[in-house]
Amino acid sequence: MDVSYILNDLNDAQRQAVCSTERNLLILAGAGSGKTRVLVHRIAWLIQAENVSPFGILSVTFTNKAASEMRGRIESLLNTPTKGMWVGTFHGLAHRLLRTHWREANLPQNFQVIDSEDQHRAIKRIVRELELDDTQWQPKQVQWFINARKDEGQRPDNIEHHNDPYLEQLIVIYKAYETMCQRSGLVDFAELLLRAHELWLKQPTVLAHYQQRFSNVLVDEFQDTNAIQYAWLRMLVGTSGRIFVVGDDDQSIYGWRGARIEHIQKIQNDFPETGVVKLEQNYRSTGVILEAANALISVNTGRLGKNLWTDGKKGDPISLFSAFNEIDEARFVVNQIMKHVQEGGTRAETAILYRSNAQSRVFEEALFQLNIPYRVYGGLRFFERAEIKDALSYLRLIANRADDAAFERIVNTPTRGIGARSMEEVRMHARQYQISLWEASKAIVSDNRMSGRATNAIATFLTLIEQLSQETKERTLADKVEQTLKLSTLLHYHKNDKSEKAQTRLENLEELITAASHFRYEEGDEEPMDELSAFLSHAALEAGENQGDQWEDCVQLMTLHSAKGLEFPLVFLCGVEEGLFPHQRSTSDETKLEEERRLCYVGMTRAMKQLYFSHAQSRRLHGTDTYPSKSRFIEELPTELIQEVRLKGKVTQPTQHQSKKRTYASTKTSSYNGLRLGQRVSHGKFGEGVVLQFEGESNQARIQVQFDQAGSKWLVMSYANLQGV
DNA sequence: GCGGAGACCCTTTTT
DNA sequence: GGGTCTCCGC
């Protein structure tokens with residue numbers, strides 16, 4: 001068979017990786033060096049040149065997006081569907097294993113996956129049930145603790161507490177949470193991985209089966225693997241399999257959620273006969289951008305060492321903009337984008353990147369003001385919306401009455417007169433007899449142990465669910481959803497609400513019906529599950545797209561974390577200030593600081609042609625004004641590659657804090673008693689400065705000036721006696 | 001049981 | 001600034 005098409009368009013290093021004969025291989029792939037390409041071509045190579053059956057290949061990624069991209073690219077390269085091959089996320093594959101081996105994994109057949117919000121609610125409930133002070137045992141922190149333990153492969157019983165009472169208490173909560181999940185048939189994200197790992201630990205025959213089947217294991221974004229994922233891979237590969245991993249230690253930005261960069265270093269010890277190939281040629285960015293990124297990342301210690309190069313153009317210098325405040329910053333960025341569009345560029349080619357989500361607001365306002373379409377990544381996705389989760393909880397309860405998390409969520413949504421008191425009674429009963437909330441409610445109703453009204457309300461709820469379950473039994477999935485929405489009165493409930501938001505919620509619910517009608521449950525080689533369970537799992541594991549309009553030509557706004565893996569001709573890295581980036585919480589610890597630096601490196605290497613850094617001299621954060629200095633990361637860049645866009649005293653754009661009317665200073669209003677925003681002025685005592693904003697009228701008028709020496713001051717106009725410079 | 005008013009807190013995020 | 005949570009009055 002002619003396999004040259006697999007190798008034709010690859011460079012030497014890529015080719016070396018793709019057709020390597022080493023048993024195991026570590027590819028150190030720099031940003032933009034074609035790592036997905038190498039993975040895809042490797043799979044094609046295995047199948048076409050080494051005659052490996054697709055059934056023998058398992059390829060794992062971190063996100064659904066990466067998995068589906070991988071699948072698509074393999075299919076188009078091989079020109080055939082990837083049947084039999086396992087391509088998916090760690091969680092998706094673990095889920096698949098558990099669905100098949102639910103008995104061996106000690107799970108009910110209809111177990112359901114809960115997302116982190118469900119998990120948070122559940123933990124909150126448990127902290128309360130244990131009668132603990134939830135300011136001392138904050139559910140968020142408990143959740144973090146439990147997940148971190150699970151990520152390390154630890155169950156409550158094998159955590160060493162050294163008689164530390166704090167730790168002991170956390171372990172008690174962990175245990176109680178575990179008991180609840182087991183009783184309710186619920187599995188959280190970390191649990192999927194842990195269970196899948198334990199399944200193999202405890203069931204050697206199951207493990208042997210998969211070891212035999214998957215002779216070739218491939219891993220993307222290897223630097224992001226946590227302890228349990230790494231252990232899982234080790235077990236699967238065993239003594240006879242092969243592993244092929246692609247990663248970049250310089251792009252490890254998820255240490256805070258358990259990723260261990262050291263895995264890249266450990267792999268050569270833990271997997272025998274592991275070769276290494278470095279991909280350093282970059283096909284994305286200009287020489288200048290790469291040189292700057294290389295300089296920045298070289299400040300970090302303990303790197304495996306890699307230097308990106310390109311044989312492309314050197315390109316424009318990196319621009320640095322020093323804004324007066326965050327509004328001036330947004331204004332500048334938006335102006336540059338407009339310029340880019342006027343020169344024939346598209347909006348979709350531009351990305352505004354920032355460290356934290358809170359920064360997006362100002363940019364959104366500036367874009368909205370000028371009617372420029374934009375898309376903000378992150379935020380709630382379809383299946384995470386409250387109204388959708390309400391609806392899904394009904395479906396979950398239909399599928400599994402023991403699902404306490406779903407029960408809690410909808411027992412009084414829409415309100416049907418089951419309040420805190422009644423629920424307290426139900427919970428107490430459930431705890432006492434170690435039964436589900438559903439069973440407890442049934443017992444309470446039949447015992448008639450509460451007031452008539454409360455008992456009635458609960459009975460109505462129980463009947464509703466039973467009725468729903470009966471009536472929708474034989475229906476299609478979409479009909480099930482529709483009936484559920486109707487009979488639960490969820491639709492009616494949102495219809496009665498005349499607010500604009502309720503309108504959107506209603507549309508979302510209708511969209512849920514559509515989603516159900518499009519959902520096709522594809523039976524794999526695992527044990528079949530019913531369509532409803534499959535749909536619910538799908539909703540939890542792939543929370544759906546962020547809100548739409550993705551095809552419209554719009555400016556892309558996202559955090560640096562979510563930008564990983566993407567590329568844009570024009571990139572703005574905003575808010576590059578001490579305290580914000582690097583973040584305040586990361587500045588005290590060298591390890592964290594290095595991760596921030598890698599984050600900056602990731603951001604810079606997103607840019608193909610032009611890169612802007614911006615920072616503000618004054619920034620309103622959490623409602624108070626701060627005066628951050630520019631980030632150390634800027635200082636770490638070679639000065640000859642940087643060009644300051646606005647030098648001191650050379651004001652290009654007027655600026656003003658936004659008024660309640662949501663308008664920016666237009667040219668008309670920007671003149672105030674002969675002074676303009678952004679104008680240089682001089683004051684008898686404070687010296688020279690720049691006008692930041694105005695407030696009030698006539699003799700009440702006040703003016704804010706950013707003085708070069710004295711900092712920012714509010715002055716009463718009629719006394720200030722400012723002179724234009 | 002519900003909705004409004006005030007207190008409180010504040011990275012990054014995928015599954 | 002803004003989202004979430006709690007408390008209180010109806």
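Naming convention: chains lettered A, B, ... in sequence-line order (proteins, then strands); numbering from 1 in each chain.
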A.B. asks: Send over the distance from A:R121 CZ to C:dT4 P, rounded to a whole Å.
C.D. replies: 11 Å
A.B. asks: Report all interatomic pairs (protein N or O, nucleotide N or O of nucleotides 1-3 of chain B) with separations under 3.5 Å.
C.D. replies:
unit_1	atom_1	unit_2	atom_2	d
B:dG1	OP1	A:G419	N	2.7
B:dG1	OP2	A:G419	N	3.4
B:dG1	OP2	A:A420	N	3.0
B:dC2	OP1	A:T415	OG1	3.0

A.B. asks: Using the side-chain hydrogen bond (donor to acceptor under 3.5 Å, both in side chains) rule, take A:E387 and A:N508 through it: C-alpha gap first, then chi angles, then the decisive distance, then the call.
C.D. replies: CA-CA 8 Å; A:E387 63 277 16; A:N508 284 335; 2.8 Å; yes
A.B. asks: What contact category does A:K124 fall into here, base, sugar-phosphate, or nothing, at under 4.0 angstrom with non-hydrogen atoms?
C.D. replies: sugar-phosphate
A.B. asks: What is the nucleic acid contact for A:D188, judged by heavy atoms within less than 4.0 Å: base, sugar-phosphate only, or nothing?
C.D. replies: nothing
A.B. asks: To the nearest angstrom, how far is A:L541 atom CG from B:dT14 atom P?
C.D. replies: 14 Å
A.B. asks: What's the closest nucleotide to the side chain of A:W256 if the choices are B:dT15, C:dG1, B:dT13?
C.D. replies: B:dT13
A.B. asks: Answer with base, sugar-phosphate or nothing: what part of the nucleic acid does A:S562 contact at a heavy-atom distance below 4.0 Å?
C.D. replies: sugar-phosphate
A.B. asks: Would you indicate, yes or no, if B:dT11 has its OP1 or OP2 atom less than 4.0 angstrom from a side-chain nitrogen or oxygen of A:R257?
C.D. replies: no
A.B. asks: Tell me whether the guanidinium CZ or amine NZ of A:R598 lies under 6.0 angstrom from the six-membered ring centre of A:Y601 and within 45° of its axis.
C.D. replies: no
A.B. asks: Given atom CG of A:L566 and atom P of B:dT13, what is their separation to the nearest angstrom?
C.D. replies: 13 Å
A.B. asks: Just to be sure I understand the rule, does A:N64 reach a base, reach only the sugar-phosphate, or reach nothing, if contact means heavy atoms closer than 4.0 Å?
C.D. replies: sugar-phosphate
A.B. asks: Would you classify B:dT11 as syn or anti? Syn applies when the glycosidic angle is within 90° of 0.
C.D. replies: syn
A.B. asks: Distance check needed: B:dT14 C1' versus A:Q229 CD, whole Å only.
C.D. replies: 10 Å
A.B. asks: Does the ring centre of A:Y230 sit less than 6.0 Å away from the ring centre of A:W232?
C.D. replies: no
A.B. asks: Parallel, tilted or perpendicular: which one describes the rings of A:F519 and A:H538, with boundaries at 30° and 60°?
C.D. replies: tilted
A.B. asks: If you check the A:R361 side chain, which of B:dT11, C:dG2, B:dT15 turns out closest?
C.D. replies: C:dG2
A.B. asks: Tell me, please, which residues at least two apart from A:F407 pass ring pair (Phe, Tyr, Trp, His ring centres under 6.0 Å).
C.D. replies: A:F461
A.B. asks: What is the minimum heavy-atom distance between A:R606 and A:K564, and which atoms define it?
C.D. replies: NH1-C, 4.2 Å
A.B. asks: With the threshold set at 4.0 Å, does a side-chain nitrogen-carboxylate oxygen contact exist between A:E424 and A:R421?
C.D. replies: no
A.B. asks: So A:Q584, base contact, sugar-phosphate only, or nothing? Heavy-atom distance under 4.0 Å.
C.D. replies: nothing
A.B. asks: If we require ring centres under 5.5 Å and near-parallel planes under 30°, does A:H91 stack on B:dT15?
C.D. replies: no
A.B. asks: Pick base, sugar-phosphate or nothing for A:R128, based on heavy-atom distances below 4.0 Å to the nucleic acid.
C.D. replies: sugar-phosphate
A.B. asks: Closer to the 5' end of DNA chain B via nearest nucleotide, is it A:H622 or A:T89?
C.D. replies: A:H622
A.B. asks: Let's see if you can work this out: which of C:dG1, B:dT15, B:dT11 has an atom nearest to the side-chain heavy atoms of A:R620?
C.D. replies: C:dG1
A.B. asks: If I take atom CZ in residue A:R619 and atom P in nucleotide C:dG1, what distance separates them, rounded to the nearest angstrom?
C.D. replies: 15 Å
A.B. asks: Find the distance A:L580:CG to B:dC10:C1' and express it as a whole number of Å.
C.D. replies: 13 Å
A.B. asks: In chain order, what residues pass the side chain to side chain contact (heavy atoms under 4.5 Å, CB included) check against A:L130, with sequence neighbours excluded?
C.D. replies: A:I126, A:L132, A:V172, A:I173, A:A176
A.B. asks: Return the stacking result for B:dT14 and A:Y254: yes when the ring centres lie under 5.5 Å apart and the planes under 30°, no otherwise.
C.D. replies: no
A.B. asks: Suppose we call two aromatic rings close when their centres sit under 6.0 Å apart. Are A:W102 and A:F111 close by that rule?
C.D. replies: no
A.B. asks: To the nearest angstrom, how far is A:L98 atom CG from B:dT15 atom C1'?
C.D. replies: 14 Å
A.B. asks: If you compare every side-chain N and O of A:T559 against the phosphate oxygens of B:dT13 (OP1, OP2), does one of them come in below 4.0 Å?
C.D. replies: yes
A.B. asks: Output the rounded distance in Å from NZ (A:K564) to P (B:dT15).
C.D. replies: 13 Å
A.B. asks: Any side-chain N or O of A:N357 less than 4.0 Å from the OP1 or OP2 oxygen of B:dT12?
C.D. replies: yes
